[in-house]
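Below is one structure, written out as structure tokens; comments come after it.
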Amino acid sequence: MAARREIAITAFTRAQSDISDQTAVAAALAEYRPSLVVNAAAYTNVDRAETETSAAFQANAHGPAVLASACADVEIPLVHISTDYVFDGSKARAYQESDPINPINAYGHSKAAGEAAVRRLHPRHIILRTSWLYGEFGHNFLKTIVRLAQEREELRVVADQRGSPTSTRDLAAAILRIAPRLAMGEKVWETYHFTGSGVTTWHGFASCIVAAQAPLTGRNPRVTTITTAEFPTPARRPANSELDCSLFEQTFGFRARAWAEEVTEITQAVVLAQQGIAAHVA
Ligand SMILES: NC(=O)c1ccc[n+]([C@@H]2O[C@H](COP(=O)([O-])OP(=O)(O)OC[C@H]3O[C@@H](n4cnc5c(N)ncnc54)[C@H](OP(=O)(O)O)[C@@H]3O)[C@@H](O)[C@H]2O)c1
């Protein structure tokens with residue numbers, strides 16, 4: 001995707017450059033002199049963050065502060081990825097960027113502190129809040145449901161939390177819309193929301209994954225609705241995570257695909273990859 005646009009990307013693991021290590025970050029910026037830094041690093045275990053709170057703040061608040069300050073020193077813009085979990089979920093409609101944040105778990109507090117640090121330390125930043133991320137790679141909800149569909153006859157999934165599944169492919173495409181605008185010197189510094197288009201529940205998300213994998217695997221387990229109360233977790237989750245993405249669309253002329261279309265395509269690619277068949281995912 002980036003190569004097609006002739007954008008060169010250098011990606012760092014934590015071992016290569018820990019974002020909370022000032023010396024490592026400064027050395028990486030000096031060596032590569034990027035025209036843009038994208039921070040997707042984070043502590044993302046929402047439940048464990050309730051007890052490992054200092055680790056969550058180290059990665060999600062201190063890390064972005066170090067990165068923002070280092071980028072400001074050498075005048076490199078920063079795109080910082082944030083989350084729907086900065087909101088409390090009590091709003092009846094989609095959250096806008098201007099809505100007050102009010103995190104209800106430790107992870108959300110740590111990400112809110114990261115956003116605040118980026119705003120304070122680097123004027124040339126974009127904060128991109130997204131939600132319910134999934135993709136072909138790494139561990140995520142979609143891949144868990146594909147696995148459970150092979151193993152179980154029934155999946156019980158929460159149906160009273162609303163949100164928008166977002167593919168990492170769409171999120172990458174969104175960032176690739178931002179990059180050239182910054183390169184042209186446009187002052188689009190803001191906080192934006194960007195998610196898959198449309199809204200569903202975890203149950204709707206899981207049902208779509210199961211339906212997409214069924215023709216390829218012959219597996220079609222029941223997907224039963226449960227309530228949040230029936231599936232207690234250490235961290236509370238917002239009941240409504242829907243983010244209004246119209247500001248991003250107006251500014252960058254891009255919106256994500258309808259969530260169900262994208263989930264179907266990525267699910268099929270995941271299953272085909274498991275079966276040793278390479279799918280073409282553009
Ligand atoms: N997953 C979601 O549903 C979701 C929803 C909304 C927003 N987001 C945001 O989207 C971004 C990406 O999330 P994700 O789910 O893709 O995350 P992920 O799969 O957990 O990946 C996060 C990566 O960050 C690395 N990391 C952690 N601390 C670091 C540090 N101090 N320095 C450098 N690297 C570090 C981790 O390395 P290790 O493996 O070594 O820990 C891991 O490779 C995050 O900002 C997250 O808050 C995610």
Side-chain angles (χ1 to χ4, degrees), residues 10-29 37-49 52-68 70-71 78-87 89 95 101 103 105-115 117-118 125-145 158 161-172 174-175 191-196 200 202 205-206 233 235 237-238 240-243 245 248 256 259 262-263 266:
T10 306
F12 292 90
T13 63
R14 184 209 294 259
Q16 289 165 322
S17 183
D18 186 321
I19 57 163
S20 59
D21 179 340
Q22 209 170 337
T23 310
V25 168
L29 293 178
V37 169
V38 178
N39 179 32
Y43 179 109
T44 57
N45 191 319
V46 175
D47 287 318
R48 218 181 297 147
E52 294 182 359
T53 307
S54 64
F57 271 79
Q58 176 73 8
N60 296 347
H62 180 58
V66 168
L67 202 52
C71 287
L78 173 65
V79 173
H80 173 70
I81 308 299
S82 193
T83 174
D84 50 335
Y85 280 21
V86 296
F87 296 115
Y95 281 96
I101 61 168
N105 57 43
Y107 167 77
H109 279 289
S110 70
K111 292 292 292 185
E115 287 190 0
V118 169
H125 73 263
I126 281 179
I127 292 171
L128 201 53
R129 292 188 187 129
T130 188
S131 66
W132 297 20
L133 278 181
Y134 68 91
E136 283 179 87
F137 308 106
H139 299 289
N140 56 67
F141 182 80
L142 182 147
K143 291 177 76 178
T144 301
I145 296 295
V158 169
Q161 292 170 28
R162 301 169 74 248
S164 304
T166 307
S167 80
T168 49
R169 177 171 75 167
D170 274 339
L171 183 60
I175 295 166
T191 296
Y192 299 94
H193 291 168
F194 180 84
T195 68
T200 185
W202 290 108
F205 189 4
T233 52
R237 263 88 173 157
N240 176 28
S241 271
E242 187 184 357
L243 302 181
C245 302
F248 188 94
W259 72 265
E262 185 74 356
V263 165
I266 301 287

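Keep in mind that what you see is a predicted model, and the values were worked out from it rather than measured. In each ligand, atom 1 is the first atom listed, and ligand 1 is the first ligand listed.
The residues E115 and R129 are annotated as salt-bridged, a charged nitrogen and a carboxylate oxygen being separated by less than 4.0 angstrom.
Separation of the W259 and W132 ring centroids does not fall under the 6.0 Å cut-off.
The closest protein non-hydrogen atom to atom 6 (C) of ligand 1 is T130 O, 3.2 Å. Atom 27 (C) of ligand 1 has A42 O, 3.3 Å as its closest protein atom, hydrogens excluded (heavy atom only). Considering only non-hydrogen protein atoms, atom 34 (N) of ligand 1 sits nearest to A41 CB, 3.4 Å. For atom 9 (C) of ligand 1, the closest non-hydrogen atom on the protein side is I81 CG2, 3.8 Å. For atom 3 (O) of ligand 1, the closest non-hydrogen atom on the protein side is L133 N, 2.9 Å. Summary of contacts: the protein heavy atom closest to atom 38 (P) of ligand 1 is R14 NH2, 3.7 Å. At the top of the distance list for atom 12 (C) of ligand 1, counting protein heavy atoms only, stands A40 O, 3.3 Å. Counting protein heavy atoms only, atom 45 (O) of ligand 1 is closest to K111 NZ, 2.7 Å.
Within the 3.5 Å criterion, the main-chain N or O of Y134 finds no donor-acceptor partner in the side chain of S167. Without hydrogens or angle criteria, K111 side chain to D84 main chain gives no donor-acceptor distance under 3.5 Å. Side chain of H193 to main chain of Y95: a donor-acceptor pair is present (N/O by atom type, distance under 3.5 Å, no hydrogens or angles). For the pair N140 (side chain) and G135 (backbone), a donor-acceptor distance under 3.5 Å is present. Between the side chain of S131 and the backbone N or O of S164 there is at least one donor-acceptor pair closer than 3.5 Å. N105 contributes no side-chain N or O that, together with a main-chain N or O of A235, makes up a donor-acceptor pair within less than 3.5 Å.
When all heavy atoms of H62 and Q58 are compared, the pair lying nearest together is CB-O, 3.4 Å. The two atoms that bring P238 and G89 nearest to each other are CB-CA, 3.6 Å, heavy atoms only. Considering all non-hydrogen atoms of both residues, F194 and L128 come closest at CB-CD1, 4.0 Å.
At least one N/O-N/O distance between I19 and ligand 1 falls below 3.5 Å. For D18, a nitrogen or oxygen atom sits less than 3.5 Å from a nitrogen or oxygen atom of ligand 1, counting backbone and side chain alike.
Proximity of G138 to ligand 1 is not established, as no heavy-atom distance is less than 4.0 Å. Using a non-hydrogen distance threshold of 4.0 Å, G135 does not register as a contact of ligand 1. Residue G63 places every heavy atom at 4.0 Å or more from ligand 1.
At a distance under 4.0 Å, no protein heavy atom can be found next to atom 42 (C) of ligand 1. Note that atom 31 (N) of ligand 1 has protein non-hydrogen atoms nearby, at separations under 4.0 angstrom. For atom 47 (O) of ligand 1, the nearest protein heavy atom is under 4.0 Å away. Closer than 4.0 Å to atom 17 (O) of ligand 1 lies at least one heavy atom of the protein.
Only the side chain of Y107 comes within 4.0 Å of ligand 1, judged by heavy-atom distances. Counting heavy atoms closer than 4.0 Å to ligand 1, residue A15 contributes nothing at all. Of the heavy atoms in Q58, none comes closer than 4.0 Å to ligand 1. Only side-chain heavy atoms of T44 come within less than 4.0 Å of ligand 1; its backbone N, CA, C and O stay farther off. With a heavy-atom cut-off of 4.0 Å, W132 touches ligand 1 through its backbone alone.
Counting only heavy atoms from C-beta outward, the side chains of C71 and L29 approach each other to under 4.5 Å.
Close approach of ligand 1 to S131 is summarised as follows: ligand atoms under 4.0 Å from at least one heavy atom of the residue are 5 (C), 6 (C).
Among the candidates N45, D47, V86, V46, the single residue satisfying the side-chain contact (heavy atoms from CB on, under 4.5 Å) test with Y107 is V46.
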Would you please test N39 and I19 for side chain to side chain contact (heavy atoms under 4.5 Å, CB included) and show each step?
CA-CA 9 Å; N39 179 32; I19 57 163; 3.9 Å; yes
